[in-house]
Novice: 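Take this structure first; my questions come after.
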Amino acid sequence: MGLLNVIRKMRLRDGLPIREIARRTGLSRNTIRKHLRSGTIEPEFSTPERPSKLDAFAEKLAGWLKSEAAKPRKQRRTLKRMHADLVTLGFTGSYNRVAAFARDWRAERQRQENTTGRGTFVPLAFRAGEAFQFDWSEDYAVLGNARVKLQLAHIKLSHSRAFLVRAYLLQTHEMLFDAHWHGFRVFGGVPERGIYDNMRTAVDRVGRGKERQINIRFLAMANHYVFEPEFCNPAAGWEKGQVEKNVRDTRHQVLSVMPSFPDLDALNIWLEQRCIELWAETNHGMLCGTIAEIWADERAALMPLPPAFDGFIELSKRVSPTCLITFDRNRYSVPASFANRPVSVRVYPDRLRIVAEGKILCEHMRIIQRNHRLPPRTIYDWRHYLAVLQRKPGALRNGAPFMECPKAFRQLQEHLLRKPGGDREMVDILSLVMHHDEQAVLAAVEQALAEGVPTKTHVLNILHRIVDRKGPLEPLETPQALNLRREPKANVERYDRLRPRIVGGRHAS
């Protein structure tokens, strides 16, 4: 390149003849003329194509490299293994030739991913109150001194970029509905439409183009909050890029500084406060001001928040002869009058509601166990078995549901079971809960125990007094008129008056 520059300078600037240039440079005149006529600034040297023994196997090897790149690292074949497989197919070249081909293939693949392979996109802009984006992610937290795997729901306003993160144990329908309610509650309203990927809790079937068969319960929630659901193309996460970025940012801004918590409710309270704090600390990026300032302006454009959607999933269950239903490996008690009958179970994120004949039978706190190594749990309500206990009083002594009775009931049971018929008396006392307020019955039992008279009759006496007075008993105050001025003394001499005056006579009797 330097010599070519010298030739052009001598000819074009100094005006030297070709003969003089040839004498000074030692090049032939024909070579100098060729370079000057070509008009090139730097020489180009063409490398001749030489045939390689790998040419016939290049397509096969490229296919292997592509398939192996999609496998987990520990399951991939090594280049030596691929070279041996090519040899069995008739390849006679060396391993170095295969390794050089693999290096070139990987470099070209990386170049495509960093340029045209990444695709071309159009920046998006949303007006105030127009849309929100929703997505799920997985992470871990310490709850009750145990490391628990969580499903994090991310909901983000597209205009102001205000966001909320909420933690759940599952990605089921009831969790999805609950996440939307809390998101709209924190945002102060509902946007016009929501942008989702094709999650199974929202889409039953993906059709051609934008055609979707939406889940009926998800559509009911969207109609309740009056927003239009919109779904991205499959494997096109960039269509909801704001919430996708929020998933990544949350790991650094929220989860990395997250302490341990006693339970999931405490964690969600902290997450909500932390997200609101970040609104005030983070600049919007596209508009002037922080996320909190832009959200304050967008809030007026949101639809007013309606009442919370009754986001339950209803399942049909049959009650066992032991008055139990099974859900997620755990068992829950049902009133004995519905044993061996079908009931409906309404599943909420934190509770189960059993319904039959158009009325609510009972409600239990929901137990979610992610560790299948732990045994299933049974959640009893001893009140559900009182009707059975009246027919089978002997079941009280070892009945599992009655192990969870209040402490005062169990203490009274210990006293009554020491005498014959005590189990029947205890059943009668427990059955009072079916007709009277449980706290009133419990107060009567506690007072009977405190007075040292743990009997059925005394408990009934105290209970009737409590019910008649509409409250707990107060200590009785004796009127002053009934106080004794002179206490009587024991005097047996008056019995002697009944004896006859004549000694030796008969007694008056």
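Here the structure is a predicted model, which is why all the values come from computation and not from measurement.
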Novice: Could you walk me through whether L442 and E446 pass the side-chain contact (heavy atoms from CB on, under 4.5 Å) test, one step at a time?
Specialist: CA-CA 6 Å; L442 185 59; E446 290 175 348; 3.8 Å; yes
Novice: Atom OG1 of T172 and atom CD1 of I313: how far apart are they, to the nearest 0.5 Å?
Specialist: 7.5 Å
Novice: For the pair I379 and L352, evaluate side-chain contact (heavy atoms from CB on, under 4.5 Å) and give the outcome as yes or no after the intermediate values.
Specialist: CA-CA 11 Å; I379 295 86; L352 298 180; over 6 Å; no
Novice: Within a radius of less than 6.0 Å around CZ of R185, do more than 12 heavy atoms belonging to other residues, nucleotides or ligands occur?
Specialist: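 Yes, the 6.0 Å shell around CZ holds more than 12 heavy atoms from other groups.
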Novice: Run the side-chain contact (heavy atoms from CB on, under 4.5 Å) check on D139 and T250 step by step: do they pass?
Specialist: CA-CA 11 Å; D139 220 295; T250 299; over 6 Å; no
Novice: Check the pair R353 / E174 against salt bridge (charged side-chain N to carboxylate O under 4.0 Å, His left out), numbers first and verdict last.
Specialist: CA-CA 13 Å; R353 182 174 290 172; E174 62 274 15; over 6 Å; no
Novice: Calculate, to the nearest 0.5 Å, the distance between atoms CG and CD belonging to L449 and Q411 respectively.
Specialist: 6.0 Å
Novice: Taking the side chain as C-beta and beyond, is there a heavy-atom pair between L169 and V148 under 4.5 Å?
Specialist: yes
Novice: Nearest 0.5 Å, what's the CG-CD1 distance between L164 and I276?
Specialist: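 Answer rounded to 0.5 Å: 7.5 Å.
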Novice: Taking the six-membered ring of F312 as reference, does the NZ or CZ atom of R217 fall below 6.0 Å from its centre and within a 45° cone about the axis?
Specialist: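 Yes - R217 lies over the ring of F312, closer than 6.0 Å to its centre and within 45° of its axis.
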Novice: Test your reading of the model: is there a side-chain donor-acceptor pair from H173 to the backbone of T201, 3.5 Å cut-off?
Specialist: yes
Novice: Starting at CZ of F231, measure out to CG of D197 and round the result to the nearest 0.5 Å.
Specialist: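 Those atoms lie 9.0 Å apart.
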Novice: Evaluate S320 against T322 for side chain to side chain donor-acceptor pair (under 3.5 Å), listing each step before the verdict.
Specialist: CA-CA 5 Å; S320 69; T322 54; 2.9 Å; yes
Novice: Do I214 and P229 come within less than 4.5 Å of each other through their side chains, counting heavy atoms only?
Specialist: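 I214 reaches P229 side chain to side chain.
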Novice: Apply side-chain contact (heavy atoms from CB on, under 4.5 Å) to the pair R161 and K245, showing each step before the final yes or no.
Specialist: CA-CA 11 Å; R161 301 183 182 179; K245 182 178 182 298; over 6 Å; no
Novice: One pair to check against ring pair (Phe, Tyr, Trp, His ring centres under 6.0 Å): F227 and F132. What are the steps and the verdict?
Specialist: CA-CA 10 Å; F227 71 86; F132 70 91; 5.3 Å; yes
Novice: Is the F409 ring parallel, tilted or perpendicular to the W382 ring (thresholds 30°, 60°)?
Specialist: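 Because their plane-to-plane angle is over 60°, the rings of F409 and W382 count as perpendicular.
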Novice: Check the pair R127 / E192 against salt bridge (charged side-chain N to carboxylate O under 4.0 Å, His left out), numbers first and verdict last.
Specialist: CA-CA 11 Å; R127 56 181 171 79; E192 297 176 5; 2.8 Å; yes
Novice: Is there a donor-acceptor contact under 3.5 Å linking the side chains of Y348 and D310?
Specialist: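 Yes, a side-chain donor-acceptor pair sits under 3.5 Å.
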Novice: Calculate, to the nearest 0.5 Å, the distance between atoms CD and SG belonging to E230 and C232 respectively.
Specialist: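 Result: 7.5 Å between the selected atoms.
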Novice: Take the angle between the ring planes of Y196 and F218 and call it parallel below 30°, perpendicular above 60°, tilted in between.
Specialist: perpendicular
Novice: So E298 and F126, do their side chains get closer than 4.5 Å, heavy atoms only?
Specialist: no
Novice: Given R166 and Y168, is the side chain to side chain donor-acceptor pair (under 3.5 Å) satisfied, shown in steps?
Specialist: CA-CA 7 Å; R166 193 165 179 86; Y168 298 93; 3.2 Å; yes
Novice: Determine the interplanar angle of the Y225 and W181 rings, folded into 0 to 90°, and report it as parallel if under 30°, tilted if 30 to 60°, perpendicular if over 60°.
Specialist: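 Parallel: the ring planes of Y225 and W181 meet at under 30°.
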Novice: Heavy-atom count check: over 12 atoms from other residues, nucleotides or ligands less than 6.0 Å from M286 CE?
Specialist: no
Novice: Taking the side chain as C-beta and beyond, is there a heavy-atom pair between I269 and F261 under 4.5 Å?
Specialist: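 Not touching, per the 4.5 Å side-chain cut-off.
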Novice: Tell me whether R366 at atom CZ has more than 12 heavy atoms from other residues, nucleotides or ligands lying less than 6.0 Å away.
Specialist: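 Correct, the count exceeds 12.
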Novice: Nearest 0.5 Å, what's the CG-NZ distance between L324 and K317?
Specialist: 12.5 Å
Novice: Take atom CZ in R77; do more than 12 heavy atoms of anything else shown fall under 6.0 Å from it?
Specialist: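 For R77, atom CZ is crowded (more than 12 foreign heavy atoms under 6.0 Å).
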Novice: Just wondering, are more than 12 heavy atoms of other shown residues or ligands nearer than 6.0 Å to CG in D263?
Specialist: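 Counting neighbours around CG of D263, more than 12 heavy atoms of other residues, nucleotides or ligands fall under 6.0 Å, so yes.
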